[in-house]
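Worksheet for the structure shown next.
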Amino acid sequence: MEQVIELFIEKQRQRLADGKIRQEEYEAFLDGINDALSFLGLHYVNGSETVEKDDRKPVAFNEIEEKYKKFHEVAMYKNSFLRVSDIIKHSGQMTDSLKKITATVKEEL
């Protein structure tokens with residue numbers, strides 16, 4: 001699963017380098033990935049370009065909503081969050097809390 005997510009990030013990093021997306025969109029994309037990974041106690045480390053263990057607690061929807069009232073990159077965030085959630089689901093690691101917040105993100109953002 002981690003390798004699939006790392007490849008997904010690499011594609012977006014290349015799109016950023018090619019000027020196809022803006023830095024703000026890329027940052028929103030990474031936020032979505034890390035918020036979804038937080039439900040498994042994981043986090044993407046930009047410096048090493050790897051998914052690693054993390055002590056961060058899972059994000060709550062109100063935190064997502066508050067953060068993205070300030071940004072125009074909601075679509076990029078939503079896309080990456082939902083994609084990583086889907087990858088987690090297909091790897092058999094879906095949690096009830098991630099399933100619940102995924103449904104909320106789909107409906108509310």
Side-chain angles (χ1 to χ4, degrees):
M1 176 196 69
E2 288 90 339
Q3 294 85 2
V4 173
I5 293 168
E6 290 163 3
L7 286 171
F8 180 46
I9 293 167
E10 178 56 36
K11 283 186 174 185
Q12 291 302 320
R13 189 182 309 96
Q14 188 59 50
R15 290 185 72 220
L16 176 65
D18 293 343
K20 293 180 179 174
I21 61 172
R22 297 182 333 268
Q23 182 66 36
E24 295 83 10
E25 292 173 308
Y26 182 71
E27 290 171 11
F29 164 80
L30 288 178
D31 279 349
I33 285 176
N34 282 321
D35 285 352
L37 287 173
S38 71
F39 286 87
L40 299 181
L42 298 172
H43 181 80
Y44 176 74
V45 179
N46 211 13
S48 65
E49 299 178 0
T50 57
V51 174
E52 300 176 6
K53 286 277 186 202
D54 188 51
D55 292 336
R56 185 177 150 204
K57 68 178 187 164
V59 68
F61 183 74
N62 63 338
E63 294 172 292
I64 295 169
E65 194 173 39
E66 186 62 34
K67 189 184 325 180
Y68 280 89
K69 283 181 181 177
K70 302 172 194 159
F71 295 114
H72 296 289
E73 291 75 25
V74 174
M76 196 67 151
Y77 175 91
K78 181 178 180 179
N79 179 45
S80 64
F81 185 96
L82 294 177
R83 276 232 168 125
V84 170
S85 176
D86 194 46
I87 291 167
I88 291 169
K89 176 182 168 187
H90 289 293
S91 73
Q93 298 181 57
M94 179 63 84
T95 64
D96 289 339
S97 55
L98 178 55
K99 186 184 288 185
K100 183 177 178 181
I101 199 166
T102 296
T104 305
V105 166
K106 278 182 185 174
E107 293 169 12
E108 301 293 330
L109 288 184

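What you see is a predicted model; the values in this text were computed from it and never measured. Each residue takes its place number in the sequence, starting with 1.
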Heavy-atom closest pair, residues Ser80 and Gly32: OG-CA, 3.4 Å
message: Main chain of Thr50, side chain of Glu2: is a donor-acceptor contact present, judged purely on distance under 3.5 Å?
response: no
- prompt: In terms of hydrophobic clustering (I, L, V, M, F, W, Y; side-chain heavy atoms under 4.5 Å; direct or indirect links), are Ile33 and Val45 co-clustered?
  reply: no
query: Can you check whether Leu42 reaches Met1 side chain to side chain, under 4.5 Å on heavy atoms?
result: yes
task: Check whether any side-chain heavy atom of Ile9 lies under 4.5 Å from a side-chain heavy atom of Tyr44, and answer yes or no.
output: yes
query: Is there a donor-acceptor pair closer than 3.5 Å between any side-chain N or O of Ser85 and the backbone N or O of Phe81?
result: no
- request: Taking all non-hydrogen atoms of both residues into account, name the closest pair between Glu25 and Arg22 and its distance.
  value: OE1-N, 2.7 Å
- prompt: Considering only heavy atoms from C-beta outward, does the side chain of Asp86 approach that of Leu82 to under 4.5 Å?
  reply: no
- prompt: Who are the side chain to side chain contact (heavy atoms under 4.5 Å, CB included) partners of Leu16, not counting sequence neighbours?
  reply: Ile21, Gln23, Tyr26
- prompt: Just wondering, are more than 12 heavy atoms of other shown residues or ligands nearer than 6.0 Å to CZ in Arg83?
  reply: no
- request: Evaluate the side-chain proximity of Met76 to Gln12: yes if any heavy-atom separation is below 4.5 Å, no if none is.
  value: yes
message: With a 4.5 Å cut-off on side-chain heavy atoms, are Arg56 and Asn34 touching?
response: yes
- prompt: Side chains of Leu37 and Asp54: does their closest heavy-atom pair fall under 4.5 Å?
  reply: no
Pairwise distance CZ(Arg13) to CZ(Phe8) - rounded to 0.5 angstrom: 12.5 Å
- request: Hey, could you give me the OH/CG distance between Tyr77 and Leu30, rounded to the nearest 0.5 Å?
  value: 11.5 Å
statement: Value for NZ (Lys106) from CD1 (Ile101), rounded to nearest 0.5 Å, stands at 13.0 Å
field: Separation of Asp35 CG from Ile64 CD1 (nearest 0.5 Å)
entry: 5.0 Å
task: Verify, without hydrogens or angle tests, whether Lys53 (side chain) and Gly41 (backbone) share a donor-acceptor contact under 3.5 angstrom.
output: no
statement: Hits for side chain to side chain contact (heavy atoms under 4.5 Å, CB included) against Asp18, two or more places apart or cross-chain, chain-then-number order -> Gln14, Lys20
query: Any idea which heavy atoms bring Ser38 and Pro58 closest together, and the distance?
result: OG-CA, 3.3 Å
